[in-house]
Every structure is written in structure tokens, then in C-alpha cells.
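Report on the structure given below.
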Amino acid sequence: MNIAAFRTLALGLHKRLAVYAHPSTCVGYRSVQNFTGRFVSLIILAVLLVPVFVLQFSISGYPIIAAVMFVCGAAMISTLWIYRRSGRCDVARTLFISLLFLFLTWQVLYFDTVFAPGLMWYVTIPIISVILGGYYYGFIWLCLVLAASLSAYLIIRRDAIGGYDIHSFEFLYIVSLLVLEMSVFIFISMIESARAASHRRLENVNEIMKIRAGTDELTNLYNRRAFNELLLERSLRLSADDRIAAMIFDVDGFKAVNDTFGHDVGDKLLQKVARQLQALSNSHGGILARLGGDEFAVFIWGERVDVKADLIATGALAIVHETIEVEGRHVDIGISVGVALGDASVEAMELLHRADVAMYEAKRSGRSRICVYDTGLASNRQLRTELAEELRLAVEEARISVVYQPIVDAKTRNLTGVEALCRWTRENGHSVPPDEFIPIAEEYGLINDLGLHVIRTAARTAVNWPNLKLSVNLSPVQFRCSTLVEDILCVLGEEGFPPGRLELEVTEGWLIDNEDRAQPLITALRTVGIMIALDDFGTGYSSIGYLRKYQFGRLKIDKSLVTDLIEDPKAQSIVQAAVLLAKGLSLDVTAEGVEKEEQARILQLIGCSNLQGYYFGRPQSAFDIDVLLRGAKPAGPALKDGR
């Protein structure tokens, strides 16, 4: 057997014995693991050497010594079992060394002379005692060994000669042996001391690395991994009656801050929010962590956790109630809070998942609010997840249909354009309204593919309607895509649709909140000839400077103003002012939501250039638009049934 194979065998045996010997009551303690490894090494050494010495004494004619050594050796090896059962390293090491000491003392006194090798074996005891118990423990055994060595000399010398001579060779020999024992002890103690110091330094480094590994570098809070470990550890210590709560906070508008002011300001903002959340968490005995990005979590337990959770949640909303100043810049953000309450029977990770579900519901229902988890939310979330997966497949398989709503000239009532709208019918035959599946597409990252599918389908159809403008809604989430302009141009190029006939509708609310990001994208779209229309005008906070900045091609007056046009003179004044403003900026105006002839006449007199609504046609198929174009008649009440 070569050296490498023997080393592999020895290491394997050591590992198996170390796993066997390690007491189950001491799992996780590094000092115990260290002792176990050393103790097992000595046991292996005893297993190898004891049979050799037993055989040697038997062959040499000392059967009594062989028998005593066998008994003592077996007892020494059995201390491994004692250690495993009791977990008491002090008991195990004392038994191991005591048995060796007793055997050596018996052998020296009854079978050896002063010069026999047996007395030399005393040197091993200080070595073993330092290895197993440190130099303080080893010093005790050194004193015992020194006393035993000197006593053995005195007893043997008295019995053999009956006197003592300090100039004799025997005396010098025993003095040398005592000096050797002390020297070996000092040497081993120095090595052990150096090893212990190195081990402590390594432990400190490991502790520091462990702290760093569990700490978020930006905020110095726990990170996700450390937080999960703390949750599991805390859960094991909870009693059955303990109440617990998990909370998740998501900073609304953080991405816009990063995009507008840069990541340095975003980092400072997160640090500021983290400090205030930490103060809230500490005041109620909670554990706070940054899970990643702009998401934080708090775990609390004990009495009145519902009250504590409410105080922390309302305090978090108060943090962003006023505009926050960071690096001399004023930023407006919100915080969506999800809260989940439970008891010790609920696993901590499950509770955290529930809080996450509640947080997403808070964001979905308006943001900057608190949502408490209930079973209804879970089922709703599950349904949304299922719908998202089915929607993804529908987009991939091009099963999202597109319908077209007519847009007419206000004076001639001739068809001038169509607005493409998507419709989705599930495989079970149930139709899902756009106001349900579009938010799902935005939330689950499907909106880019869905939007491009609508543009592709509509462009492929509308390329056969050369005299019509094609209008398509653009989701605010699509503006986050860095390749938006390139993707749209690619689709139009593949379908052979001129960019100049495409009109993209955007809502003013998102543009107001994301001016710096929206400006270059809108400019890029206008540069390639695509017209940008401001949708739902009159529901936001537009200003003249803001309208001039983006240089829209069209304003679309929201149907909420058109609905009250007949009965409410104020509505007429607002629409008239909007039209005058648009004409002053050289913008076309389309009024949405026209359902009556009287509304159409008023809007025409006010100066709207185009009209859209159920009065001129509901969203309909491409075939119906073809029929309408072939008829070449002004659009009117005949289309009201949406045929």
C-alpha cells in the first residue's frame, strides 16, 4: 500500500470516528469539534500501538505486563464511547490520561528499573494533557508526572541499594528525565499557545466575515440570507402561544429616483429610509433586514404584535408623508407595506411569503398604503399568478386578438383612423377585461411582449388601410425597456408599416413622474416619424410648459369631461379651454367617449378635430373596418351596435 492510499484510509477512518464520537448534545460548538478531532486522533494512535506492545510483551516473556496493558488499553479506547454518550470532554480526557498514568506507574514500580524505558513514557503524559486540555490542565499533570518520576526513583533506589548519592549516575539520569519532562511540557505549551492565539485570530476573522456575509453593505442591516436564518432560529424558540408578525416594505418610485438623480442619490435615499425603519423596528423589539433593492422586512414577536405592527406600518408611511431631502434634492417616494400576522404554528418563511403577497396587493391597489394579509388575498394572488402564466402562453402563441375603434373627422364624420385595442379570451371561453389582464402583464413583466404583439398585429392589418392613422396605447411600464424604440421600428419594418402612420398614446401621469426618462424616449420616437398623443388629457396636472417640452402631436380629451358636456357648462368651458390651448400649441385634438349626437356637435363647434366613442362605433374586428371603408359612408349611429 503506497503512502497516498494509506493517508486516504487514515483520513477516512478519522472522519468516520470523529462523526461517531461527536456528542449530539454539543452540535455546533467549534471548541467541542476541535477536542473531538484531537481525542479521536489519540484513540486511533492507541488502537494502533496497544496491540503492538501487547504482542511485544507477550513474546518477550512478560505476559502479566501484556495482560495489564491490554486491559488498560481497552479501557482507554472505551473512553471514546464514554465521551460520545456523556458529552463530557473533561471526564473523557481525565480517564484516558489517568489510565495511561496508572499503567506506566505500575510498570515502573513492579517490573522496571530506573533505567528501563517505562519511565521515559512519562514524557507522553504532559504532551497528551496539553493537547487535550491546554497548558493549565497540562501543568497539573506535569506536577503529577514529576512527582511520580521522582517517587519511582526514590522507591527503586531505596529497595535496590538502600541509600542515595547525588553524584551517582542514577541520580543524574532521573534529574535529566525530570528536566526533559519539563522541557517537553514548555515546548508543547508554547506551540499550543501559539496555535490557540492563531486559532483565536482565525475565529475573529471568521466572525467578522460571518457578520459581513450576513450584513447588507449599503445599509448595515441584515441581508436576506441572515434574516432567513434569524427567522428560523427565532421560530425554534417560540412557545405555542406566542404571536408573530412579518412585514415587508417596498419603496414606491425608487427606480425613478435612480433614473432621474443617479444611483448615488438612490443609495443615500435607501440609507435614510433604512435608518428611520431601524428606529421604528428597534422601538418595538423587531428584526429589520434589507431583502434587496428597495425592499425591507421586519419580524416581530411577543405580546400585542398586531398593535406593534400597526405602529411600525403607520410610522413607515409617515416617513415618506413629506418630501424627503437627499443631497440637496427633494424626492417624492412612497412606501407600500404588507403585513402578515400569525402564531408559532405558522412557519416564519410562510409568514414572510404572506407579507409579500400583502405588499404586492398594497402596490396594486394604489401604493403608499398598508395591506394586511388574509386568505382572500392568497387566493387572489394565486389566481393572478395562474392568469399571468396563461397570459404568457397566449402572447407567445399569438392568441391575443386586436380590435379597432373608429376615429372620425369632427366635420365630415369620415373615418380618419382607428385605435387598436387588445382582447383576451381564455381557453375556457371566458373573456378577461383589459383593465384586469393589462395590470397583470405589467406586474409579471409581460407588457413589453404584449405591447409589441398588439403593434405587430395592428400594423399587419392596418397596412391595407393606407388612408387611416393607427393609434396604439403605450403602457408606462414599456418606457422602462431600454430597447423600446428599436423594438417598435423592427416590428414596423417587418410588417412594412410606415412609422409616420403610427400614433402612440401615453398617459400624462407617468410622464409627469418620469420627465427626465420620458424626454429622450419621446424625442427618439418623434425623430423616426411616430406621432405621440397625450391620452386622458384633463385628468392630470398638465402645464403649458410641460406640453411644450414634449411637443406632442395630439391631445386626447378624456371621456370624463365629454360625458358631462351637455348638462354641465363648466365641462364645456374646460373642454373649450383645452382646445384653445392645443390649437395655440399647434396640436390636433381628439375627444373620447362620444355617445350622443349633441355631444358630437358641441365638440365640433368647440373646435375638436377628431371624435371617438360608441356613437361612431364600438371596438370591432378588422373585417368590420373593411366593410366600413368599402361603404365609404360617414361614420355615425349605424355603427353604434358595434357590428
Is there a side-chain contact between [X] and [Y] in this structure, where contact means two heavy atoms from C-beta onward sitting under 4.5 Å apart?
X	Y	result
F296	L270	yes
L387	L383	yes
I319	L280	yes
L230	F299	no
L352	N228	yes
V298	L277	no
E229	L232	no
I43	T79	yes

**Asked** When the ring planes of Y83 and F39 are compared, do they come out parallel, tilted or perpendicular, using 30° and 60° as the limits?
**Response**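 Taking F39 first and then Y83, their aromatic rings stand perpendicular (interplane angle over 60°).
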
**Message:** Does the plane of the ring in Y137 sit parallel, tilted or perpendicular to the ring in W141? Use 30° and 60° as the thresholds.
**Reply:**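 Judged by the thresholds at 30° and 60°, the geometry between Y137 and W141 is perpendicular.
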
Considering residues, nucleotides and ligands other than [X], do more than 12 of their heavy atoms fall under 6.0 Å from its [atom1]?
X	atom1	answer
Y222	OH	no
E389	CD	yes
E303	CD	no

Could you report the tightest heavy-atom contact between [X] and [Y], atom names first, then the distance?
X	Y	answer
L180	V123	CD2-CG2, 4.1 Å
L221	A274	CD1-CB, 3.9 Å
V52	L48	CG2-O, 3.3 Å
L446	A388	CD1-O, 3.4 Å
P126	V145	CD-CG2, 4.3 Å
R384	E443	NH2-OE1, 2.7 Å

**Trace of the side-chain contact (heavy atoms from CB on, under 4.5 Å) decision for L150 with L146** = CA-CA 6 Å; L150 188 58; L146 290 175; over 6 Å; no

Measuring from [X]:[atom1] to [Y]:[atom2], what's the distance to the nearest 0.5 Å?
X	Y	atom1	atom2	result
I77	I44	CD1	CD1	11.0 Å
I125	L104	CD1	CG	5.0 Å
L99	T94	CG	OG1	10.5 Å
F249	R290	CZ	CZ	15.0 Å
L144	S129	CG	OG	9.5 Å
E295	I248	CD	CD1	5.0 Å

**Request:** Check the pair L178, E181 against side-chain contact (heavy atoms from CB on, under 4.5 Å), reporting the backbone distance first and the verdict last.
**Result:** CA-CA 5 Å; L178 296 177; E181 290 171 354; 3.8 Å; yes

**Prompt:** Do any N or O atoms from the side chain of S78 and from the backbone of A75 form a donor-acceptor pair under 3.5 angstrom?
**Reply:**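 Answer holds: yes.
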
**Asked** Step by step, would you call I65 with F53 a side-chain contact (heavy atoms from CB on, under 4.5 Å)?
**Response** CA-CA 9 Å; I65 297 181; F53 285 118; over 6 Å; no

**Request:** Establish, from distance only, whether the side-chain atoms of Y122 and T105 form a donor-acceptor pair under 3.5 Å.
**Result:**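 Side-chain D/A pair, Y122 to T105: present.
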
**Prompt:** Can a donor-acceptor pair be found between the side chains of N282 and Q278 at a distance below 3.5 Å?
**Reply:**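 Yes.
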
**Request:** Report yes or no: is the cationic atom of R392 (NZ for Lys, CZ for Arg) under 6.0 Å from the centre of the six-membered ring of Y444, at an angle within 45° of the ring normal?
**Result:**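 R392 over Y444 ring: no.
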
**Request:** Using salt bridge (charged side-chain N to carboxylate O under 4.0 Å, His left out) as the criterion, list what pairs up with K268, not counting sequence neighbours.
**Result:**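 For K268, no residue satisfies salt bridge (charged side-chain N to carboxylate O under 4.0 Å, His left out) once neighbours in sequence are set aside.
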
**Request:** Walk me through it: do L102 and W106 pass the test side-chain contact (heavy atoms from CB on, under 4.5 Å)?
**Result:** CA-CA 6 Å; L102 291 174; W106 174 83; over 6 Å; no

**Message:** Using the ring pair (Phe, Tyr, Trp, His ring centres under 6.0 Å) criterion, which residues pair with F185? Sequence neighbours excluded.
**Reply:**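 F185 satisfies ring pair (Phe, Tyr, Trp, His ring centres under 6.0 Å) with no other residue.
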
